Amino acid sequence: MVIEEHDRGATILFSTHVMPHAEQLCDHVVMIHKGQKVLDERVADIQRRYDPRVIEFDPLDPLADLSPLSGIPEVEQVVRTDRGCNVLLRVGASAPSVIPRLAIAVPPARIEIARPTLEEVFVKLVAA
């Protein structure tokens with residue numbers, strides 16, 4: 001019903017502590033901690049601003065040598081994961097411009113910019 005009303009053009013105030021619900025349903029989020037507003041932004045803007053500069057990279061060949069990824073100038077660090085690796089970009093690097101070079105260096109099965117969840121953003125804000 002909430003989505004139907006939103007699609008109809010209604011403005012909906014949705015209060016929740018369940019961040020995945022807010023992330024899925026909301027265009028704009030206001031976060032309050034101890035009675036103080038700590039965030040008031042569109043979800044897309046929050047994700048851009050708190051982007052951790054990480055690209056999740058799964059090689060087409062699970063046994064592929066990932067060392068060529070470290071040779072890309074904008075890459076700060078490559079950390080192996082169960083499926084592939086996380087590529088941490090240097091400050092100021094542009095993920096969209098690095099992604100094609102990652103794909104040339106090692107054929108990918110999947111490349112995805114890792115976006116922070118609203119819960120991760122909230123924890124980061126209130127821990128400061």
Side-chain angles (χ1 to χ4, degrees):
M1 183 170 82
V2 171
I3 293 171
E4 287 174 12
E5 287 301 307
H6 177 266
D7 290 345
R8 192 177 60 76
T11 298
I12 300 162
L13 277 167
F14 181 72
S15 177
T16 185
H17 287 102
V18 183
M19 293 297 162
H21 290 170
E23 201 161 3
Q24 183 179 25
L25 294 171
C26 299
D27 297 325
H28 194 103
V29 172
V30 175
M31 291 184 183
I32 299 171
H33 179 63
K34 295 184 178 178
Q36 299 295 314
K37 181 169 62 171
V38 295
L39 187 67
D40 183 355
E41 288 185 51
R42 292 177 29 83
V43 172
D45 294 338
I46 293 168
Q47 289 174 328
R48 269 193 297 280
R49 185 154 65 100
Y50 291 93
D51 192 339
R53 302 181 342 266
V54 173
I55 297 172
E56 296 173 355
F57 184 94
D58 298 340
L60 194 55
D61 175 2
L63 302 175
D65 176 15
L66 300 177
S67 63
L69 302 177
S70 298
I72 297 170
E74 293 87 353
V75 173
E76 184 172 302
Q77 184 179 17
V78 176
V79 179
R80 269 248 184 227
T81 64
D82 292 340
R83 295 177 56 185
C85 66
N86 287 335
V87 178
L88 176 63
L89 301 180
R90 297 186 190 283
V91 174
S94 165
S97 69
V98 173
I99 286 174
R101 286 185 277 153
L102 294 173
I104 290 168
V106 178
R110 181 182 75 94
I111 300 177
E112 184 176 329
I113 298 172
R115 296 285 185 201
T117 65
L118 286 180
E119 188 164 347
E120 291 167 336
V121 170
F122 182 74
V123 169
K124 186 175 185 174
L125 286 170
V126 300

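Computed from a prediction, not measured in an experiment: that's the story for all the values here.
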Using the rule that Ile, Leu, Val, Met, Phe, Trp and Tyr join whenever any side-chain heavy atoms are under 4.5 Å apart, tell me whether Val38 and Val43 fall into a single cluster. yes

Following the transitive rule for hydrophobic clusters with a side-chain heavy-atom cut-off under 4.5 Å over Ile, Leu, Val, Met, Phe, Trp and Tyr, establish whether Leu88 and Leu102 coincide in one cluster. no

Determine, using the 4.5 Å side-chain heavy-atom cutoff (strictly less than), whether Leu25 and Val29 are members of one ILVMFWY cluster. no

Using the side-chain contact (heavy atoms from CB on, under 4.5 Å) criterion, which residues pair with Glu74? Sequence neighbours excluded. Ile72, Ala93, Val98, Arg101

Within 6.0 Å of NE2 in His21, more than 12 heavy atoms from elsewhere: no

Roughly how far, to the nearest 0.5 Å, is CG of Leu66 from CZ of Arg80? 4.0 Å

Would you say that more than 12 heavy atoms from the other residues, nucleotides or ligands in this model lie under 6.0 Å from the CD of Glu119, or not? no

Go through the steps for His6 and Asp27 under the test side chain to side chain contact (heavy atoms under 4.5 Å, CB included), then give the verdict. CA-CA 10 Å; His6 177 266; Asp27 297 325; 2.8 Å; yes

Hydrophobic cluster membership, with links at side-chain heavy-atom distances under 4.5 Å among I/L/V/M/F/W/Y: are Ile12 and Val30 in one? no

Would you say Arg110's side chain and Phe57's backbone share a donor-acceptor pair under 3.5 angstrom? no

For atom CD of Gln24, decide whether the heavy atoms of other residues, nucleotides or ligands shown that lie under 6.0 angstrom number more than 12. no

Contacts of type salt bridge (charged side-chain N to carboxylate O under 4.0 Å, His left out), residue Lys37, not counting sequence neighbours: Asp40

Exam field: side chain Glu120 to backbone Thr117, donor-acceptor pair closer than 3.5 Å: yes

Looking only at atom types and distance, does a side-chain atom of Arg53 sit under 3.5 Å from a main-chain N or O of Leu89, one as donor and one as acceptor? yes

Compare every heavy atom of Leu69 with every heavy atom of Ala105, then report the nearest pair and how far apart it is. CB-CD2, 4.0 Å

Honestly curious: do Ile113 and Val106 fall in one hydrophobic cluster under the side-chain, below-4.5 Å linking rule? yes

Take atom CG in Asp82; do more than 12 heavy atoms of anything else shown fall under 6.0 Å from it? no

Got a second to check how far His28's NE2 is from Arg42's CZ, nearest 0.5 Å? 9.0 Å

